[in-house]
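We're numbering straight along the sequence, starting at 1.
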Amino acid sequence: MTKALDRPPVRSAGVSALRRSVRFDVRLVGLAGVLVLLCVIGLITRPETFLTQDNLSTMLRLAAAIGVVSVGMTFVIIAGGIDLSVGSIVALSSVWMTTLATQSYGPVVMVLCALLVGLGCGLINGALVSYGKVVPFITTLAMMASARGLAERLSGRQTQVVTETGFTDFFRASFLGIPVLVIMLALVFAVGWIVLNRTTFGRRTYAIGGNAEAARLSGINVKLHTALVYGISGLCCGIAAIMVVARTTSGASTNGLFYELDAIAAVVIGGTLLSGGRGSLIGTLIGVLIFTVLNSIFTQNNLDTDIQNIAKGAIIVGAVLLQHTTARRRKRKPPARTDPDPQPTNTNGSQS
């Protein structure tokens, strides 16, 4: 008797989980559909060049750096924050790793320098947000200005050419026909996905973004975790700086311009809520590819960059409005009852 009565809640919970999974899959299918549509448009407008191996390789190389930055941005936004300094951190890391003093120690030191500078800037952001209680918008805005200014100071506003051939030979090479930069992007996304979806750190990131106070009451060290999340974003910027330097063979204070716009756009398009608590790295990856294909279409059709930026801004606004509309509909929808026919209970606690 008790076993039979216990079945409805279990079945209802299973149906609820299935519905959530279906909504998630439908969202990703929709994003994939948009990506395919853009590819078709590119093929129609430039059939002789769009799907060539050279153009595909170029698009993937261009997507590599902003894709890695978007991984870190996804962690930050899921945790309920924002990072406007990613482009400036990329610039500072690229300049610091390409100074004559740094290059004199070889490619290994160059890579370590970029990673440490990016990680350090990210941890500074995290410490100010967590322990200094400064609003993330103001903190990262200040870092955006400071890092860009320091990059200009170090480089003297001059482009620093990479003279270390070992660095360029490795990062500009290909393995089994796949560029090393693309392999790096795939590895960063794979590690990010595992951390976000298969570890306690990832679950705590979602919990903090959903309700920081509830997460704190449940025993999570919200301050330390938030600082580490911004550290991940900074580390991703350091990796992206390595990619940019490898692709351009130079470090400059102008590197990473508008990376914050591109990263936030890709993350929002991928379905991550700007309010935090929900997001997907797979959606972010598709968002990065969407904007990469869009940029390629604009470039091949000789459209101005200002039109590209206007289109990106419009897409971001549209995605945010769609998120708000969906959230309002979910709030208006009455909650489903898990046990529509509750059974009476006796005074001794057993069901009749």
Smallest heavy-atom separation, Ile89 atom then Gly234 atom, equals CG2-O, 4.4 Å
Mind checking whether Val117 and Cys113 have side chains closer than 4.5 Å, heavy atoms only? yes
Given Met143 and Ser88, is the side-chain contact (heavy atoms from CB on, under 4.5 Å) satisfied, shown in steps? CA-CA 8 Å; Met143 178 61 74; Ser88 297; over 6 Å; no
Rounded to the nearest 0.5 Å, what's the gap from CE on Met110 to OG on Ser104? Could you check? 10.0 Å
How far apart are the closest heavy atoms of Ile242 and Ala114, and which atoms are they? CG1-CB, 3.7 Å
Is Phe201 atom CZ crowded by more than 12 heavy atoms from other residues, nucleotides or ligands, each under 6.0 Å away? yes
Side-chain donor or acceptor of Ser250 paired with backbone N/O of Val161 under 3.5 Å: no
Given the rule in the side-chain contact (heavy atoms from CB on, under 4.5 Å) test, do Leu181 and Leu60 qualify, once you have shown the distances and angles that lead to the verdict? CA-CA 8 Å; Leu181 298 184; Leu60 290 175; over 6 Å; no
Between Thr165 and Thr168, does the side-chain hydrogen bond (donor to acceptor under 3.5 Å, both in side chains) criterion hold? Intermediate values first, please. CA-CA 5 Å; Thr165 57; Thr168 54; 5.7 Å; no
CG/Leu217: more than 12 non-hydrogen atoms of other groups inside 6.0 Å: yes
Are Trp96 and Leu116 joined in one hydrophobic group, where the rule is that I, L, V, M, F, W and Y side chains link up if heavy atoms are under 4.5 Å apart? no
How about Phe137: does its CZ atom have over 12 heavy atoms from other parts shown lying under 6.0 Å from it? no
Would you call Asn295 and Leu62 a side-chain contact if the rule is heavy atoms closer than 4.5 Å? no
Exercise: identify the closest heavy-atom pair between Ser233 and Val86: OG-CG1, 3.8 Å
For Tyr105, the rest of its hydrophobic cluster, which grows through side-chain links under 4.5 angstrom: Val109
For Thr272, does its backbone N or O pair with a side-chain atom of Arg278 as donor and acceptor, under 3.5 Å? no
Side-chain heavy atoms nearer than 4.5 Å, only ILVMFWY residues, links allowed to pass through others: does that put Val191 and Phe189 together? yes
Consider only side-chain N and O atoms of Ser253 and Glu152, and report whether a donor and an acceptor are under 3.5 Å apart. no
For a quick check under 3.5 Å, do Ser70 and Thr284 share a side-chain donor-acceptor pair by atom type? no
Before you tell me yes or no, could you show the steps for Phe50 and Ser296 under side-chain contact (heavy atoms from CB on, under 4.5 Å), namely the whole-Å CA-CA distance, both residues' side-chain angles and the distance that decides it to 0.1 Å? CA-CA 8 Å; Phe50 185 76; Ser296 179; 3.9 Å; yes
Without swapping roles, check the side chain of Tyr230 against the backbone of Asp83 for a donor-acceptor pair under 3.5 Å. no
Sorted by chain and residue number, the ring-ring contact (aromatic ring centres under 6.0 Å, His included) partners of Phe171 (sequence neighbours excluded) come out as Phe167
For the residue pair Phe175 and Val182, establish whether any side-chain heavy-atom pair is separated by less than 4.5 Å. no
Other residues, nucleotides and ligands only: do more than 12 of their heavy atoms fall within 6.0 Å of CD on Glu48? yes
If you compare all heavy atoms of Thr163 against all heavy atoms of Gln103, which two are closest, and at what distance to 0.1 Å? N-OE1, 2.8 Å
What one should report as the nearest heavy-atom pair of Ala79 and Val229 is CB-CG1, 4.2 Å
Residues in side chain to side chain contact (heavy atoms under 4.5 Å, CB included) with Thr299, at least two apart? Gln308
With a 4.5 Å limit on heavy-atom distance, are the side chains of Val268 and Leu274 in contact? yes
Output for pair (Ile82 CD1, Glu260 CD), nearest 0.5 Å, gives 10.0 Å
Rounding to 0.5 Å, atoms OG1 (Thr102) and CG (Leu154) come to a distance of 9.0 Å
Can you tell me if Thr200 and Arg203 form a side-chain donor-acceptor pair at under 3.5 Å? yes
Please tell me whether Val135 and Ile124 are part of a single hydrophobic cluster in this structure, the criterion being side-chain heavy atoms less than 4.5 Å apart. no
Is there a donor-acceptor pair closer than 3.5 Å between any side-chain N or O of Thr139 and the backbone N or O of Pro136? no
Under 3.5 Å, side chain of Arg46 to main-chain N/O of Gln300, donor-acceptor pair present? yes
Here the pair of heavy atoms bringing Val245 nearest to Met97 is CG2-SD, 3.8 Å
Test side-chain contact (heavy atoms from CB on, under 4.5 Å) applied to Leu294 and Leu38, step by step: CA-CA 7 Å; Leu294 187 64; Leu38 287 175; 4.2 Å; yes
Okay, side chain of Ser155, backbone of Ala151: is any donor-acceptor separation there less than 3.5 Å? yes
Taking the side chain from Ser130 and the backbone from Ala127, do they hold a donor-acceptor pair closer than 3.5 Å? no
Are Met144 and Val69 co-members of a hydrophobic cluster defined by side-chain heavy atoms under 4.5 Å apart? yes
Same cluster (ILVMFWY, side-chain, under 4.5 Å), Trp193 and Ile286: yes
Does the side chain of Ile78 reach to within under 4.5 Å of the side chain of Leu196, using non-hydrogen atoms? yes
Return the CZ to CG distance between Phe75 and Leu235, rounded to the nearest 0.5 Å. 11.0 Å
Measuring only between side-chain heavy atoms, which start at C-beta, is Leu84 closer than 4.5 Å to Ile264? yes
Under 3.5 Å, is there a donor-acceptor pair linking the side chains of Thr49 and Thr52? no
Nearest 0.5 Å please: distance from the CD1 atom of Ile178 over to the OG atom of Ser57. 10.5 Å
Pairwise side-chain contact, Val40 with Ile44, heavy-atom cut-off 4.5 Å (strictly under): yes
In Å, rounded to the nearest 0.5 Å, how long is the span from CE of Met59 to OG1 of Thr292? 8.0 Å
Checking Asn301 side chain against Ile297 main chain: does a donor-acceptor pair fall under 3.5 Å? yes
